[in-house]
There are 2 protein chains.
Amino acid sequence: MSEMAQEAERRSASDRVADAILQDIRMGRLVPGQHLLEPELTARLGISRGSLREALKHLAADGIVSLSRFRGAYIAALDRKSVLDLLDVLEPLARLAARLAAAASPDRAQCEPLLESAARLAELQASGKRGEYLTERRRFYDMLVDLGGNSELARVIPLSRTDLFRTQVESRQTDSQRHRHAMGYTRIATAVAEHDSAEADKAVAGHFAGTRETMAELADEVFPAS
Amino acid sequence: MSEMAQEAERRSASDRVADAILQDIRMGRLVPGQHLLEPELTARLGISRGSLREALKHLAADGIVSLSRFRGAYIAALDRKSVLDLLDVLEPLARLAARLAAAASPDRAQCEPLLESAARLAELQASGKRGEYLTERRRFYDMLVDLGGNSELARVIPLSRTDLFRTQVESRQTDSQRHRHAMGYTRIATAVAEHDSAEADKAVAGHFAGTRETMAELADEVFPAS
DNA sequence: TCGGTCAATAATGTTCGACGATTTAGTGGG
DNA sequence: CCCACTAAATCGTCGAACATTATTGACCGA
């Protein structure tokens, strides 16, 4: 218990705030395009303006919020081109993560949490719990990156910005699109567990092909005016 | 002139400080492992402690400086594994940038600055101006990314951390290694100018193969204790 | 003299309040 | 109805304060 508390206290206030905002986004409490008022947030989170600004700056660097001078912070909203650009960048990194995870994991036990996460994703998708689905999805990617053991990848891969994109499109997808998405993780996790780098790479590539197809099927109203 | 001044003033103080530190690193005025004192920097740069700390936080997020609690900020030093990990991450992104730049550039005129930059790199390498070489190299990558027109790539690709790695190894390379490195940029720029995406991709892949070879040839003393 | 202990110093982490600058909204006059 | 002007709200920066910790160097005993 004390370890948890110490760990929580050791992290700076701005990091805690940034995590809180990210979690609020995943759970739908904050929606893309929403205006973030400094006085409201400092009051709600009980921190100083300086710490909040530090957190917002951090989130802005990751493209989660957009800061415009004297106009405040807004949760970023991705237009269609940004989403396609993001997928182009994310795909090679995710494929690298999958290849490394498949090649690195020495014993099957370490892959067990990944398989469990994929199973939970299928469950959560079926039961329609979108907030939990997005949170679990993020855990899946974090695990995949960790398994690979490439510390630079963890720093670079834009998972938080992908959370943002998922938040935007999640509620507009059809059930079959959601099902296809969830199944993709199962295929990836299976390939990693089997230590099959080539298949893991192909699984991620196929997953992204499906996502691009879904994007093409979505109406323009899903995206802000570009 | 006023436009320049306005543009400089429009950017936040912390961004200016971060850029100044990055430039100092490229020019060798700051070396990996060096301790950054807040009082010294605030006095030299003429900014408040808050703005400086914001900049340091930003640089720490990009892995340029490492912050250790109550001990201050140090210019990061990459061990051998981190360098190899960084290359694994950077390669697919650089290849994507090259493919996009080759595919996107409609007219040859836009590629002219890239070819000029490659020529300048060959010159600077030959004349041994290492600081200018690294600065020009960064400009080359920035142009390559801009030409592709993928805004997410610019956000994700870890060019600053690559600057850091280059700073560490640049002075330890042999002339033939430096020559091979500089020639790689010429081949990339030429392929982009010819709108040959496949060749651009291969040129970058070959460039990275050469860099990995150089890394294997370097002695352990180049890297900090891992 | 050497090694260990301990207090003084310096640097950092965090927060707060203040000031000037700028955008936005609202208001009154033409 | 439109435009200039005022007022409110917000943001960027700075300086100061306080608590916490690492470092330094003096001091002391073996």
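Lettering of chains follows the sequences in order, A, B, ..., and the numbering in each one begins at 1. As a basis for the values below, the full set of heavy atoms in this structure was taken, side chains included, without hydrogen atoms, waters or symmetry mates. Values in this document were obtained by computation on a predicted structure and should not be read as measured data.
- The CG atom of A:Leu41 sits 13 Å away from the C1' atom of D:dT10 (whole-angstrom rounding).
- A close approach under 4.0 Å does occur between a side-chain nitrogen or oxygen of B:Ser51 and OP1 or OP2 of D:dC14.
- For B:Asp15 and D:dG12, the CG to C1' distance is 12 Å, given to the nearest whole Å.
- Checked against ring pair (Phe, Tyr, Trp, His ring centres under 6.0 Å), A:Tyr141 has the following partners two or more places apart in sequence or in another chain: A:Tyr185.
- Backbone-only contact: B:Ile47 has heavy atoms under 4.0 Å from sugar-phosphate atoms and none from a base.
- Counting non-hydrogen atoms of neighbouring residues, nucleotides and ligands closer than 6.0 angstrom, the NZ atom of A:Lys129 reaches no more than 12 such neighbours.
- B:Leu37 has its CG atom 14 Å from the C1' atom of C:dT9, to the nearest Å.
- Between A:Ser160 and A:Arg138, the side chains place a donor N or O and an acceptor N or O closer than 3.5 Å (distance only, hydrogens not considered).
- Between the side chains of A:His207 and A:Arg95, no donor-acceptor pair of N or O atoms lies under 3.5 Å.
- The side chain of B:Arg49 lies closest to D:dA17, out of D:dG12, D:dA17, C:dT23.
- The side chain of B:Arg71 lies closest to D:dT23, out of D:dT23, D:dT10, D:dT13.
- Rounded to an integer number of Å, the gap from B:Leu67 CG to C:dT14 C1' is 14 Å.
- Between B:Leu56 atom CG and C:dT14 atom C1' the separation is 15 Å, expressed in whole Å.
- One interatomic measurement links the two molecules: CG of B:Leu45 to P of D:dC14, which rounds to 11 Å at whole-angstrom precision.
- There is no side-chain donor-acceptor pair under 3.5 Å between A:Ser82 and A:Asp85.
- B:Leu36 comes within 4.0 angstrom of sugar-phosphate atoms only, judged by non-hydrogen atoms across all strands, and of no base.
- Rounding to whole angstrom units, CZ of residue A:Arg53 and P of D:dT10 are separated by 15 Å.
- Atom NZ of B:Lys57 is separated from atom C1' of C:dT15 by 14 Å (rounded to the nearest Å).
- Toward the 5′ end of DNA chain C lies the nearest nucleotide of A:Glu54, the other residue of the pair A:Phe70 and A:Glu54 mapping further downstream.
- Nucleic acid contact class of B:Gly50 (heavy atoms, under 4.0 Å, all strands): none.
- At C:dT22, none of the side-chain N or O atoms of A:Arg69 fall inside 4.0 Å of OP1 or OP2 (strictly under the cut-off).
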